J.: 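My structure is below; once you've seen it, I'll send some questions.
In what follows, residues are counted from 1 in the order of the sequence shown. Predicted model only: the values in this text are computed from it and were never measured. Heavy-atom basis, side chains included; hydrogens, waters and symmetry copies ignored.
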Amino acid sequence: MYISNQEIRKIMTAAMSLAPLAGMAQTQRPNIIYIMCDDMGYGDLGCYGQQLIATPNIDRMASQGMRFTQAYAGSPVSAPSRACFMTGQHSGHAHVRGNKEYWNGGNLRHNAFGGNADYSVIGQEPYDMDHVIIPEIFKANGYRTGMFGKWAGGYYNLDHPNDYKADANGNTDTSMSATTSSLSLPNKRGIDCYYGPICQFQAHTYYPNYLNRYDPEKYGDQYVVVDTMSQNIQFPAVSSGNAGYENRAQYSSDLIHRYALDWLDRQDKDTPFLGIFTYTLPHAELWQPKDSILRKYDKVFASGDRSFGGNWGSWYYKNSNSHAQFAAMITRLDAQVGEIWKKLEEKGLADNTLVIFTSDNGPHEEGGADPSFFNRDGLLKGLKRSTHEGGIRIPFIAKGPGVPAGTVNDHQLAFYDLMATFCDYAGIENYKRYNPKGEDDYFDGISFYNTLTGKDEQQERHEYLYWEFHETDMMGLRMGDWKLVVNGGTCYLYDLSVDLHEDNNVAPLHSDIVGKMKDIIKKEHVHSNLFSVTLPK
């Protein structure tokens with residue numbers, strides 16, 4: 001039976017009003033904090049073999065919880081990977097499959113913040129309003145929801161922050177982006193409190209002109225607003241290439257982290273909460289406070305071994321010691337994770353909170369970063385934007401109630417499994433009821449709750465995991481130990497059990513396996529006019 005989009009929205013609205021978790025005491029419901037950093041590679045943490053960078057807090061978290069060795073991002077790049085997490089869909093079904101931008105359409109304002117230029121429209125392709133996302137489900141079930149860091153699921157118009165226009169299907173009318181904001185913003189998608197950059201491009205610089213905020217509880221915000229960095233805008237923006245940028249002192253990573261800690265301070269044992277911490281470290285701009293963390297690595301790595309001259313169009317500032325900058329960013333992130341745990345312990349919440357730490361995709365070479373230097377074992381092939389293992393296999397650590405301490409697990413999972421897993425962990429039954437679209441809708445995840453809580457023998461397994469990425473025209477499929485990489489339509493097959501680095505293409509020797517995997521890809525891929533890829537030949 002066909003159900004119109006308008007009817008779906010009514011059903012979803014009704015579902016959102018359901019009584020939360022009937023029969024379960026409020027104080028027994030677990031909290032969840034999901035920390036997703038930005039562009040950290042599989043080998044960038046000590047617990048995954050890193051030898052040059054100190055990560056004591058995350059390593060301790062791994063020793064006290066579960067470390068996964070075969071966890072995968074949703075995509076090899078930022079926005080679609082986050083979309084897979086939010087929607088429970090893989091990148092052959094999700095609406096957002098790439099970094100489609102809304103800031104680069106000639107909307108530059110030359111004196112938007114003091115004498116600094118900035119964009120009047122910022123952000124990425126909006127999430128489909130007819131597909132539920134994780135915070136909407138949790139808010140509907142009585143959880144308080146906070147998100148701190150990148151949004152990357154819609155765009156924001158500085159001149160029209162509370163104007164919205166829907167198309168005939170009830171989704172954001174992107175043709176009106178010059179005069180409206182996106183419907184898919186935190187205030188419309190189940191988030192109670194938000195602080196960070198709506199636009200992931202704005203997050204390229206760590207000393208921006210502003211961040212975005214939505215905090216009705218503390219500030220009475222009725223929609224997403226601009227929080228101007230009043231000290232920063234007294235000096236040139238990074239895009240100017242002017243060295244005066246170095247006088248900016250409002251460091252976005254610290255500001256976002258402090259806001260997240262402040263939000264945690266507002267939580268209590270009576271009401272469960274979901275915190276989505278999409279921190280921006282260690283992405284791209286290798287520039288940060290010249291404090292003890294950076295000074296430590298400046299002594300370890302010789303200045304001039306690796307330097308970067310700046311990329312003003314991408315908003316990446318120059319540096320004279322890229323290795324020290326990158327290592328310090330990882331250790332700085334590790335310190336933030338330690339402070340999150342400290343706050344949970346101070347509040348008496350640590351024993352009832354599941355914390356997950358992961359990265360949105362593999363390592364990058366932007367802004368002067370040098371992943372080959374830090375991942376010297378060369379364990380995985382490929383970087384960010386690649387569907388080889390290095391672009392999509394990521395660190396993934398979980399610690400919390402029911403998670404066996406000091407365990408290492410090889411369960412194969414992907415970001416689109418997290419919606420189902422979080423719901424199982426929180427006791428939210430039948431989460432699929434929030435999207436009553438039948439065969440026209442897609443939930444691709446399998447809950448790994450059993451594995452997470454030490455019942456691996458009861459765990460359902462994926463027959464395969466799937467990826468596609470239009471920008472590099474690549475697709476990927478993992479089926480057991482078989483890995484198929486499709487590059488521009490050409491198929492390459494690898495046996496990961498003996499060839500983790502994906503060096504030996506055995507496709508000519510296993511045409512039957514290749515044929516089966518090609519059929520799966522063609523079944524799983526739904527065409528997108530926005531994000532087109534070449535199917536296997």
Side-chain angles (χ1 to χ4, degrees), residues 37-41 44 53 76-79 99 101 103-104 108 112-113 116-119 122-124 149-150 152 196-211 229 232-233 235-256 278-291 293-294 297-298 301 303-333 359-374 383-385 391 471:
C37 71
D38 203 332
D39 291 3
M40 175 184 282
D44 284 336
I53 306 174
V77 76
S78 187
N99 291 340
E101 312 289 355
W103 51 265
N104 57 358
L108 192 65
F113 295 91
N116 296 300
D118 216 314
Y119 295 94
I122 55 164
Q124 283 69 47
K150 284 184 178 180
I198 289 293
C199 177
Q200 62 187 29
F201 179 79
Q202 302 286 115
H204 278 203
T205 176
Y206 281 96
Y207 294 90
N209 294 326
Y210 67 93
L211 291 170
M229 304 289 99
N232 283 354
I233 65 171
F235 302 97
V238 64
S239 56
S240 70
N242 189 310
Y245 172 73
E246 297 181 24
N247 293 311
R248 292 188 170 211
Q250 291 176 292
Y251 181 55
S252 63
S253 175
D254 281 351
L255 295 173
I256 292 166
T278 52
Y279 284 5
T280 51
L281 294 171
H283 180 267
E285 187 185 41
L286 304 184
W287 189 254
Q288 61 201 299
K290 296 177 182 178
D291 57 11
I293 297 176
L294 181 57
Y297 286 109
D298 269 332
F301 303 111
S303 179
D305 281 357
R306 174 87 169 187
S307 61
F308 177 68
N311 183 331
W312 316 126
S314 294
W315 292 11
Y316 301 148
Y317 197 64
K318 63 185 178 181
N319 66 75
S320 60
N321 195 340
S322 298
H323 290 155
Q325 288 280 353
F326 181 80
M329 290 169 79
I330 296 283
T331 296
R332 190 178 303 280
L333 174 64
S359 173
D360 64 346
N361 47 249
H364 64 86
E365 292 182 300
E366 300 161 27
D370 189 6
S372 61
F373 177 81
F374 287 102
L383 301 172
K384 175 181 177 179
R385 297 185 176 85
E471 193 176 309

J.: Can you find a pair of side-chain heavy atoms, one from Gln200 and one from Asp38, that are under 4.5 Å apart?
T.: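 Side chain of Gln200 against side chain of Asp38, heavy atoms only: no contact under 4.5 Å found.
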J.: Locate the shortest heavy-atom distance separating Leu211 from Pro197; write the atom from each residue and the value.
T.: CD2-N, 4.0 Å
J.: Is there a donor-acceptor pair under 3.5 Å between the side chain of Asn321 and the backbone N or O of Phe301?
T.: yes
J.: For the residue pair Glu285 and Trp315, establish whether any side-chain heavy-atom pair is separated by less than 4.5 Å.
T.: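 Heavy-atom side-chain distance check fails, nothing below 4.5 Å.
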J.: Between Arg306 and Ala324, is there a donor-acceptor pair closer than 3.5 Å when you use the side chain of the first and the backbone of the second?
T.: no
J.: Decide side-chain contact (heavy atoms from CB on, under 4.5 Å) for Tyr207 and Phe235; before the verdict, give the C-alpha distance in whole Å, the side-chain angles of both, and the deciding distance to 0.1 Å.
T.: CA-CA 10 Å; Tyr207 294 90; Phe235 302 97; over 6 Å; no
J.: For a 4.5 angstrom cut-off between non-hydrogen side-chain atoms, does Tyr206 reach His283?
T.: yes
J.: When you compare the side chain of Tyr245 with that of Trp287, does any pair of heavy atoms fall below 4.5 Å?
T.: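 Of all side-chain heavy-atom pairs linking Tyr245 with Trp287, at least one is under 4.5 Å.
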J.: Among residues at least two apart in sequence or on other chains, which ones pass ring-ring contact (aromatic ring centres under 6.0 Å, His included) with Phe326?
T.: Phe374
J.: Does a side-chain heavy-atom distance below 4.5 Å link Thr205 with Tyr317?
T.: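 Counting from C-beta outward, Thr205 and Tyr317 never come under 4.5 Å.
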J.: With sequence neighbours excluded, what pairs up with Tyr297 under the ring-ring contact (aromatic ring centres under 6.0 Å, His included) test?
T.: none
J.: Pick out which of Ser253, Ser252, Cys37 makes a side chain to side chain contact (heavy atoms under 4.5 Å, CB included) with Leu281.
T.: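 Answer to the side chain to side chain contact (heavy atoms under 4.5 Å, CB included) test with Leu281 among Ser253, Ser252, Cys37: Ser253.
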J.: Could you list the residues that satisfy side-chain hydrogen bond (donor to acceptor under 3.5 Å, both in side chains) with Trp103, not counting sequence neighbours?
T.: Glu101
J.: Side chains of Asn209 and Asn232: does their closest heavy-atom pair fall under 4.5 Å?
T.: no
J.: What I'd like to find out is whether the side chain of Arg332 reaches to under 4.5 Å of the side chain of Asp291, using heavy atoms alone.
T.: yes
J.: Show your working on salt bridge (Lys or Arg N to Asp or Glu O under 4.0 Å) between Arg385 and Glu365 and close with a plain yes or no.
T.: CA-CA 11 Å; Arg385 297 185 176 85; Glu365 292 182 300; over 6 Å; no
J.: With a 4.5 Å limit on heavy-atom distance, are the side chains of Ser314 and Glu366 in contact?
T.: no
J.: Checking Asn116 side chain against Ala237 main chain: does a donor-acceptor pair fall under 3.5 Å?
T.: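 Side chain of Asn116 to backbone of Ala237, a donor-acceptor pair under 3.5 Å: yes, one is there.
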J.: Go through the steps to decide whether Gln202 and Tyr210 satisfy the test side-chain hydrogen bond (donor to acceptor under 3.5 Å, both in side chains), and finish with yes or no.
T.: CA-CA 9 Å; Gln202 302 286 115; Tyr210 67 93; 3.3 Å; yes
